[in-house]
Chemist: 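Supplied in structure tokens, the structure appears directly below.
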There are 2 protein chains.
Amino acid sequence: MDERELLVLGLLMAQSQHGYQINEFIERNLGQVSDMKKATAYAILKRLNQAGCVDVSVEQEGNRPPRQMYSITERGEARFQELLRSVLSSVENVTPSGDIGLMFIDHLPASEALALLAERLKRTEQLLAVLGSVPRHGHGHGVDLSISHRIALLQCDRDWLKETIGALLKSSVSERRK
Amino acid sequence: MDERELLVLGLLMAQSQHGYQINEFIERNLGQVSDMKKATAYAILKRLNQAGCVDVSVEQEGNRPPRQMYSITERGEARFQELLRSVLSSVENVTPSGDIGLMFIDHLPASEALALLAERLKRTEQLLAVLGSVPRHGHGHGVDLSISHRIALLQCDRDWLKETIGALLKSSVSERRK
DNA sequence: TATAACATGTAACAAGTTACATGATTTC
DNA sequence: GAAATCATGTAACTTGTTACATGTTATA
């Protein structure tokens, strides 16, 4: 929740925008970073406005649907700083949600467990390929940092999967020898 | 969502239990793996029962509050297998939520950014210490696998943070020299 | 005798998603 | 003239959390 608010505020820190622009940017450029949906963004803008963190002004060109321009206020900037500090220094302390399955892997025959982990490995490598080809800005700031972190984690996943598959393979072979 | 359901079904695969036992086990032994709350577990049990995935039978000893014993049904076992396969083979494709902050780190003075990342590093190392001392079963199965994955990811985080702090330090020094 | 542990659950709320509704303008 | 894009939003639903309500039994 904090992250979505931070994201909206962060985009408004760069420049005043209307809702459509913000959603557009998230969908087009931040698909790898956030999966926030339109309705959520609009709701957050409303909430932020009620809290005095953003100002709204209506603009209209000709007969087009009116655009609500959102600008961050001083209070909003303070909120942005606060969220940013908190998010940057904190660490999530629960297992990534996909990992519950690992606990129960023994309920499957070894061969199938191996096949599923292999599938996961394949998908991880595909994602890595996608992220590797995402355009970077090269100065190691902004979105780049976020992407580089994500890549590092996925590489770790890949290596861990390879190792785990290897270990499982060994133990299933020695099992069969008994 | 699927994960929570999988967790409950998985615990019932081991043995029939009543709700209190399940919650107890999650709180006591799986605190590092899941943060599911009591009300959620009870709600999931209800849902699973309505879907025909678990059977309920009421037991009463003396005057104590009655216990609802939950047992997994055949349909429930099928559901368990289905969820397990899907969860094991899939990969989340969005950045971990804490990472949005990285995108905006340039909005802070370099010195503060460094301090916040250092704090994050410290907390990561603390968590690693905790996880390292969690009791293991040693056979590389069950919860162990989940914990070992989590440890691998945290180690990756730690290394990435160290590297990133180093890089930021360098660039902030060269910045000052200009 | 107080309080911790046992045992179950509900009600109110918060956050987010899906799907829908509306209407103008541009492009094919 | 149909479809895509621009632009905004709401209503219903799902999931999950917090906080509360209830009552028993063992323990300090």
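Lettering follows sequence order; numbering is per chain, from 1. Side chains are part of it too, since the values below use all heavy atoms of this structure and drop only hydrogens, waters and symmetry mates.
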Chemist: Quick one: does B:Ser86's side chain have a donor or acceptor within less than 3.5 Å of a partner on B:Glu82's backbone?
Modeler: no
Chemist: Side-chain heavy atoms nearer than 4.5 Å, only ILVMFWY residues, links allowed to pass through others: does that put B:Leu145 and A:Ile165 together?
Modeler: yes
Chemist: Quick one: B:Ile44 CD1 to C:dG9 C1', roughly how many Å, whole number?
Modeler: 15 Å
Chemist: Does B:Arg47 have more than 12 heavy atoms from other residues, nucleotides or ligands lying within 6.0 Å of its CZ?
Modeler: yes
Chemist: Is a side-chain donor or acceptor of A:Ser34 paired with a backbone partner of A:Leu30 at a separation under 3.5 angstrom?
Modeler: no
Chemist: Can you find a side-chain donor-acceptor pair between B:Thr95 and A:Gln32 that sits under 3.5 Å?
Modeler: no
Chemist: Separation of B:His18 atom NE2 from C:dA5 atom P, in whole Å?
Modeler: 16 Å
Chemist: Could you check how far CD of B:Glu27 sits from P of C:dC6, rounded to whole Å?
Modeler: 11 Å
Chemist: How many whole angstroms separate atom CE of B:Met69 from atom C1' of C:dA7?
Modeler: 13 Å
Chemist: Step through the shown structure and confirm whether more than 12 heavy atoms of other residues, nucleotides or ligands are within 6.0 Å of CD on A:Glu163.
Modeler: no
Chemist: Using both pair distances under 3.5 Å as the test, note the stems of at least 3 consecutive Watson-Crick or G-U pairs that include DNA chain C.
Modeler: C:1-28 with D:1-28
Chemist: Report which part of the nucleic acid A:Asp35 touches: base, sugar-phosphate, or nothing (heavy-atom distance under 4.0 Å, all strands).
Modeler: sugar-phosphate
Chemist: Specify the separation, in whole Å, of atom CZ of A:Arg67 and atom P of C:dT25.
Modeler: 14 Å
Chemist: Name the orientation class of the two ring planes belonging to B:Trp160 and A:His149 (parallel below 30°, tilted from 30 to 60°, perpendicular beyond 60°).
Modeler: tilted
Chemist: Measure from CG on B:Asn49 to C1' on C:dT8 and round the result to the nearest Å.
Modeler: 15 Å
Chemist: Just the rounded figure in Å: distance from P of C:dG9 to CG of B:Asn23.
Modeler: 11 Å
Chemist: If the cut-off is 4.0 Å, is B:Tyr20 near the phosphate of C:dT8, judged by side-chain N/O to OP1 or OP2?
Modeler: no
Chemist: Could you go over nucleotides 10-15 of chain D and give all protein N or O partners under 3.5 Å, atom names and distances?
Modeler:
from, atom 1, to, atom 2, distance (Å)
D:dT10, OP2, A:Lys46, NZ, 3.4

Chemist: Once you round it to whole Å, what is the distance between P of D:dG9 and CG of A:Leu45?
Modeler: 9 Å
